[in-house]
*Asks:* 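Sharing a structure below in structure tokens format, with a few things to ask.
In what follows, every heavy atom counts, from backbone to side chain, and hydrogens, waters and symmetry copies are set aside.
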Amino acid sequence: MNKTYGLLATLGISLILTACGGGSSNGSDADEKLVAVTQTERSALLGTDVVELSARNSQFPSSNSSTPTYNWSLNEKPAESAGYLTDKDKETAKLHVDVVGEYKLQLVVGYDNETSEPVDVVVTVREENEAPIASVEDITIELGQQVVLDGSASSDPEGETLQYRWKWAFSAVKPSGVPIPELSGTNTSILTFTPQAVATYNLIFFVFDGERISEEKEVTVTVEKPANAETNAGPVGELIATGYYPSYSIGEQELGLRAEFNFEGYDPEGDALQIVEVALTEKPAESTAELVDIGSWKPLGKKIQKLDVVGTYRVRMTLTDGTNQITREAKMEAKIGNVNGQPSTRSVDAVAKSVIVGNALIFDASSKDPNNDEMTFMWELVDKPDDSNASIEPVIESESGEYRRAKVVTDVPGSYTARLMVRDDRGLYAKTYSEGTGFAKIFNSAPEIRSVVWARNWSRLAVGEDYFQILPCMSLLHRPVLIDADGDEVAYHEELTSAPDGGEFTSYPDEADCPDARGTVFSKPGQYVFTYYATDLIDDAPNYEFVVNVDPFEEAKGVRLRSINSDNESLWHPMPYENIPPYATDFAASINPFEEEYVQWSLTAADTDYTIENLTVKHINGDVATLQPRLEGLSEGLVIAKGESIDFKTITPAIPCVRTGDRSEGFHYSFNLKEIPELTFTYEVWQTASDGMFSKWEECEPGQLD
């Protein structure tokens, strides 16, 4: 290997050699080689604005005097990034970065009508102290074996010592009524527990490096029935009598409402349970109530649709797992008033997800009792960092006068988890507990509002990129690009701080300004100034002003685009227009896949005549003849005269059957204006039948679609 090439490869530099013509392969041919050279791997810290990419070491033939050319392209960036390239045709290009992640580029150099092979370049933007990475594998075991989950492969980019945390993914975790095993080693790299039944168990695992917490990783433990089991245990569980909407209660229900009797339990070996016999063994003398099926979603339950007489209703149910039988009873009291519904803990959230060590994490509960009974709030600090002596203290919430809040004064960095269970004043507990987690750290980096960008249906414009022209009544939204070097959650607020006289940015414009308009619009021409505020609840970001200039209608250029609904209301769109979903979406309830569907559009030429060109209509995923969409009302070369409007439709065809494994079909429509090529229209739509919808949308028969 050439010494120079060997050194460059060691440094992450790429050399691509492409012959410009024929000839011998001896050393004298070196001048006839076109060599693209650049650094293929770059790294930058979050907060960096620009990464310069140099092709200055590229080599070009010296046999003539042509001018070298450079072509840099940004092919992929993080999902939330508005990053972009400038000087993409220069020797040194500038990559403008904004969020954490990988930016993938290519470089092609040219000389004398020849071009090199592309060179791939990856620029990685990372946080100053990168979060650790939690690593653990899903496992499958047989019933009777011990579960051993190993998180020791977790790592920290800076090599810091890790703390380990394990917890159940849900609260409380009872897969199909299966009891919760006791966990051992929840603060170590190795977690163990012994399942009592065949089931799927889900846990959460994360690690902490002293400053940053990893992303939570969900772990799945699948417990299977032993292949050579010699015994078969019987089902375990109880028959539970509960009320149903609007009075959810246990063991009692309002007269005239519905009562359910459901078996809540499991079979240790995971065998399917079936009802052998069920009977309404007791009911009030005047009652004519009978047991009926609830539905296929509750196969181990029966219901009384209407409790018709005050008194006791008792049900006996016998179930089998195919080998063993058990019999259980439950009773329901029909009452007039004073029925006690079960309280709910609902959610527990840390008011501020992060605080500086020494400050208090405040946890807030949204618990609710259906009868507005007084509740007892039972708070518990179930997790805290290693070496912490912190405790939890209930706090009275001023508005309700209840202990809906709790505080934990943090003493060392790390995560703190509060758990809440509630009980009403008649002794009825909530069905599950709720947990909330907050984080304490030694140092905080203030968030930053990097920019404000225009939002599209499925994407956004790049920083500094504007629509061709903004006019009153156009539906326009914008949002900030926020960064936080610590990975904290950042809240922001948008305020319109300046507007022309009578101007608004509103979803309800005056009819005189924007007749029959929909969407959030600027109601009048002029300058609008938005001020953005952001905070991570520790430090505030510097305020950011976003200025929007809206031209008057009389200065309109190009064409005005609108979509029109069935009520003849217009949604005015800025140009260039783009609607490209990144994934297939479910059929809306109003869409019938067996019939054609369409969207109605209109184009109005503003200041001169405009010509439609590059009209493209296609079926995206397969180009199937019978699934070709249509664009009605527009054609290649069609001229829209100044001041005139053209109505057109984007029509999706009828879809008679399921053709693909993902049950999706995609359709594309696009064109641009010849006189102003940057004024483009791109509209794509995917139609997908989700599980449970359109049961008659069956698999295609051979030859059913061309």
*Asks:* Within a 6.0 Å radius of atom CD on E489, are there more than 12 heavy atoms belonging to other residues, nucleotides or ligands?
*Replies:*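 No, CD of E489 has 12 or fewer neighbouring heavy atoms, counting only those of other groups under 6.0 Å.
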*Asks:* I want to check something: taking the side chain as every heavy atom from C-beta on, are S354 and N444 in contact at a cut-off of under 4.5 Å?
*Replies:*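 SC-SC contact between S354 and N444 ruled out.
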*Asks:* Quick one: does any side-chain atom of W166 pair with a main-chain N or O of T188 as donor and acceptor, under 3.5 Å?
*Replies:*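 Yes; judged by distance alone, with no hydrogens or angles, the pair exists.
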*Asks:* Do D383 and R165 sit within salt-bridge range, that is, some charged N less than 4.0 Å from a carboxylate O?
*Replies:*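 Yes, this pair counts.
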*Asks:* Salt bridge (charged side-chain N to carboxylate O under 4.0 Å, His left out) for R328 and E264? Distances and angles first, verdict last.
*Replies:* CA-CA 11 Å; R328 296 291 185 265; E264 293 188 3; over 6 Å; no
*Asks:* Less than 4.0 Å between a side-chain N and a carboxylate O, is that true for K353 and D536?
*Replies:*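 K353 and D536: not salt-bridged.
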*Asks:* So that I can tick it off, tell me whether R212 and D156 are bridged by a salt bridge, with the cut-off set at under 4.0 angstrom between side-chain N and carboxylate O.
*Replies:*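 Salt bridge: no.
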*Asks:* Is atom OH of Y244 surrounded by more than 12 heavy atoms (other residues, nucleotides or ligands) closer than 6.0 Å?
*Replies:*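 Counting other residues, nucleotides and ligands, OH of Y244 stays at 12 neighbours or fewer.
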*Asks:* Heavy-atom distance under 4.5 Å between the side chains of T48 and V125, does that happen here?
*Replies:*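 Side chain of T48 against side chain of V125, heavy atoms only: no contact under 4.5 Å found.
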*Asks:* Are the aromatic rings of F363 and Y416 close, with centres under 6.0 Å apart?
*Replies:*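 Distance test on ring centres: not under 6.0 Å, no.
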*Asks:* Please name the residue in the list V97, V100, V99 that meets the side chain to side chain contact (heavy atoms under 4.5 Å, CB included) test with S81.
*Replies:*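 The passing option is V99.
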*Asks:* Does some side-chain heavy atom of I180 sit less than 4.5 Å from a side-chain heavy atom of F193?
*Replies:*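 No; the side chains remain at least 4.5 Å from each other.
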*Asks:* Angle between ring planes, F205 versus Y164, binned at 30° and 60°: parallel, tilted or perpendicular?
*Replies:*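 It falls in the parallel class, under 30°.
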*Asks:* Salt bridge or not between K217 and D138? Use side-chain N to carboxylate O under 4.0 Å.
*Replies:*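 Here K217 does not pair with D138 in a salt bridge, since their nearest N and O are not under 4.0 Å apart.
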*Asks:* Between N262 and L300, is there a side-chain heavy-atom distance shorter than 4.5 Å?
*Replies:*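 Answer no - side chains too far apart.
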*Asks:* My understanding is that only residues two or more places apart in sequence, or in another chain, count here; which of them pass side-chain contact (heavy atoms from CB on, under 4.5 Å) with E380?
*Replies:*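 Expected list: V382, R419.
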*Asks:* Does the side chain of Y533 come within less than 4.5 Å of D540's, by heavy atoms?
*Replies:*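 With C-beta onward as the side chain, the pair stays apart.
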*Asks:* F505: which residues meet the ring pair (Phe, Tyr, Trp, His ring centres under 6.0 Å) condition with it, sequence neighbours left out?
*Replies:*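 So F505 forms a ring pair (Phe, Tyr, Trp, His ring centres under 6.0 Å) with H478, F522, F530.
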*Asks:* Taking the side chain as every heavy atom from C-beta outward, state whether E397 and E402 have any pair of such atoms under 4.5 Å apart.
*Replies:*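 A side-chain contact is absent here, since even the closest heavy-atom pair is not under 4.5 Å.
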*Asks:* With a 4.5 Å cut-off on side-chain heavy atoms, are W454 and L476 touching?
*Replies:*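 SC-SC contact between L476 and W454 confirmed.
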